[in-house]
Novice: 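Before I ask anything, here is the structure I am working with.
Values reported hereafter were calculated over all heavy atoms of this structure, with side chains retained and with hydrogens, waters and symmetry mates removed.
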Amino acid sequence: MKEGTKRRRVELLGIVVVVVLFIGWSSCTVLEDTLYKKATERLLERCKNRDVENVTPVNSKVDLEGEEVTYFLHIEKCGGSTLTEWINSNVPTERLLNLRFHKGSGGFEFGWSNRQTLEEHGKLDEFRELFKKHNLIIGHVAYGLHEITPERKHHYITMLREPTDRLLSQYHWWRKLYGPEFVQNSMLTFFENKVGLDGLRMHKDNHLTRVLCSRDAMELIPPGQLTHKQLYCAMKHLMQIEVVMIMERYEESMKSLSAVFDWNQNRQVLKEIGNSNGRHASTKKILPTDVLQAIQNLTMYDNILYEFGNCLMDRKVHKLKTSDRWPSWTMPAPDI
């Protein structure tokens, strides 16, 4: 057999091996996603059947004066800034840390850091000591902050928002802040999410799921490459959160928070919350069909997570309402 023929056969065999390996890898990836998809469906079904919940005993209250720490995962455009006003009116300044406004030594910004990235930057000891001084820590951060001080008993709270409305609010906020060129001058182009910096594109792509899963899901998985594995991760973490709030259910959210933390009613702050929430009316009904479809492609997992969050909140509210912990006050009427 000629040397050239042998070489071609070896090359062909190599190609066949690569193709077979690729097909095998693809099949495993598809199988894994299918299994995680079924797992997420079971979790949602169990919640609807009241077989799963994130409800702690209703006679327990979160301690913000001792060694416990609560982390508020402030997801962008979910009413967190308004909620922070109420937190500020109930938590002494010396016990409260807002990572958005704190810079470490050398101007280090916490950002999407976790224990691993703090270690890599030589900042773990600094932030461990900082965290130990506070009982409530707020920030645009991903789930996992408890790993920085694992010896402390911890709690999480967060607020979700209907994913399409959240993304539309993000669009209008960025347009106002940075100008129309920043959002590609076209709403459709913006939501098709094919151009722009990866970091910003990941903010649009199933942002709720990324934040509630992990820092790695937020920072390392490229746009369009999330799977049901990350959704399952986010759902499992949501079950560990002390108070899951829903922006569209603001009064129930505030009462749940008040019941768990034993916070005082501040009528003026609650009125400001009502005024702010009233300005967040949905605009998705007036959008063109192609824009809505592009948004749906970006919120596929977030929509499921949002439904699951509503279900968990239903369970929490039911437990609190059947106890003596549910507040009797009502939200003040917003200004007309």
Side-chain angles (χ1 to χ4, degrees), residues 33 73-84 100 109-112 139-143 158-231 233-234 238 245-248 250 276-310:
D33 191 55
L73 303 183
H74 178 184
I75 302 174
E76 292 185 55
K77 313 315 294 178
C78 289
S81 296
T82 307
L83 177 59
T84 299
R100 295 175 63 195
E109 295 186 3
F110 192 86
W112 295 104
H140 290 314
V141 289
Y143 188 94
T158 196
M159 180 172 285
L160 308 182
R161 184 179 185 179
E162 196 283 321
T164 297
D165 285 332
R166 193 207 73 82
L167 201 50
L168 285 169
S169 180
Q170 186 84 76
Y171 168 82
H172 291 298
W173 172 245
W174 280 347
R175 183 183 176 92
K176 178 182 178 181
L177 202 62
Y178 303 114
E181 295 80 11
F182 185 81
V183 291
Q184 293 113 39
N185 291 297
S186 161
M187 186 176 278
L188 179 59
T189 303
F190 177 82
F191 289 124
E192 284 180 336
N193 209 29
K194 295 178 181 178
V195 296
L197 299 173
D198 271 1
L200 296 174
R201 292 173 64 208
M202 287 188 283
H203 267 72
K204 293 182 275 181
D205 176 27
N206 291 289
H207 185 67
L208 303 180
T209 302
R210 289 177 181 271
V211 169
L212 286 161
C213 180
S214 65
R215 176 262 173 190
D216 287 353
M218 186 64 233
E219 290 277 272
L220 302 182
I221 300 178
Q225 294 190 27
L226 285 186
T227 68
H228 284 89
K229 181 178 182 178
Q230 285 77 49
L231 173 61
C233 164
L238 203 61
M245 295 168 283
I246 303 294
M247 184 171 167
E248 289 77 12
Y250 227 109
S276 176
N277 197 39
R279 292 193 293 269
H280 294 150
S282 175
T283 58
K284 61 187 176 183
K285 292 182 180 179
I286 62 175
L287 292 176
T289 303
D290 54 353
V291 172
L292 275 175
Q293 183 56 58
I295 292 174
Q296 288 301 305
N297 294 338
L298 289 175
T299 57
M300 178 177 69
Y301 299 121
D302 279 2
N303 288 327
I304 299 171
L305 189 64
Y306 178 74
E307 183 181 1
F308 188 60
N310 266 285

Novice: Kindly say whether Leu226 contributes a backbone atom to a donor-acceptor pair with the side chain of Arg210 at under 3.5 angstrom?
Specialist: no
Novice: Where do Glu248 and Leu160 come nearest, in terms of heavy atoms and distance?
Specialist: OE1-O, 4.3 Å
Novice: Can you tell me if Asn297 uses its side chain to pair, donor with acceptor, with the backbone of Glu192 under 3.5 Å?
Specialist: no
Novice: Listed by chain and number, what are the side chain to side chain contact (heavy atoms under 4.5 Å, CB included) partners of Thr84, not counting sequence neighbours?
Specialist: Phe72, Asn88, Asn98, Ile138
Novice: Test of understanding: with disulfide bond (SG atoms under 2.5 Å apart), list the residues that count as partners of Cys213, not counting sequence neighbours.
Specialist: Cys233
Novice: Keeping the roles fixed (side chain from Thr299, backbone from Thr164), state whether a donor-acceptor pair exists under 3.5 Å.
Specialist: no
Novice: Compare all side-chain heavy atoms of Asp290 with those of Gln293 and state whether any distance is below 4.5 angstrom.
Specialist: no
Novice: Regarding Asn303 and Glu307, is there a side-chain donor-to-acceptor distance under 3.5 Å anywhere?
Specialist: no
Novice: Where the side chain of Asp302 meets the backbone of His207, is there a donor-acceptor pair that is under 3.5 Å apart?
Specialist: yes
Novice: Parallel, tilted or perpendicular for His140 and His74, by the 30°/60° rule?
Specialist: tilted
Novice: Tell me whether the count of non-hydrogen atoms from other residues, nucleotides or ligands lying under 6.0 Å of NZ in Lys229 goes above 12.
Specialist: no
Novice: Kindly compute the distance separating CZ (Arg100) from OG (Ser81), expressed to the nearest 0.5 Å.
Specialist: 4.5 Å
Novice: Is the side chain of Tyr306 donor-acceptor paired with the backbone N or O of Leu208 at a distance under 3.5 Å, no angle test?
Specialist: no
Novice: Just say parallel, tilted or perpendicular for the rings of His203 and Trp112, cut-offs at 30° and 60°.
Specialist: perpendicular
Novice: Checking the side chain of Lys204 only, and the main-chain atoms of Gln170 only, is there a donor and an acceptor separated by less than 3.5 Å?
Specialist: no
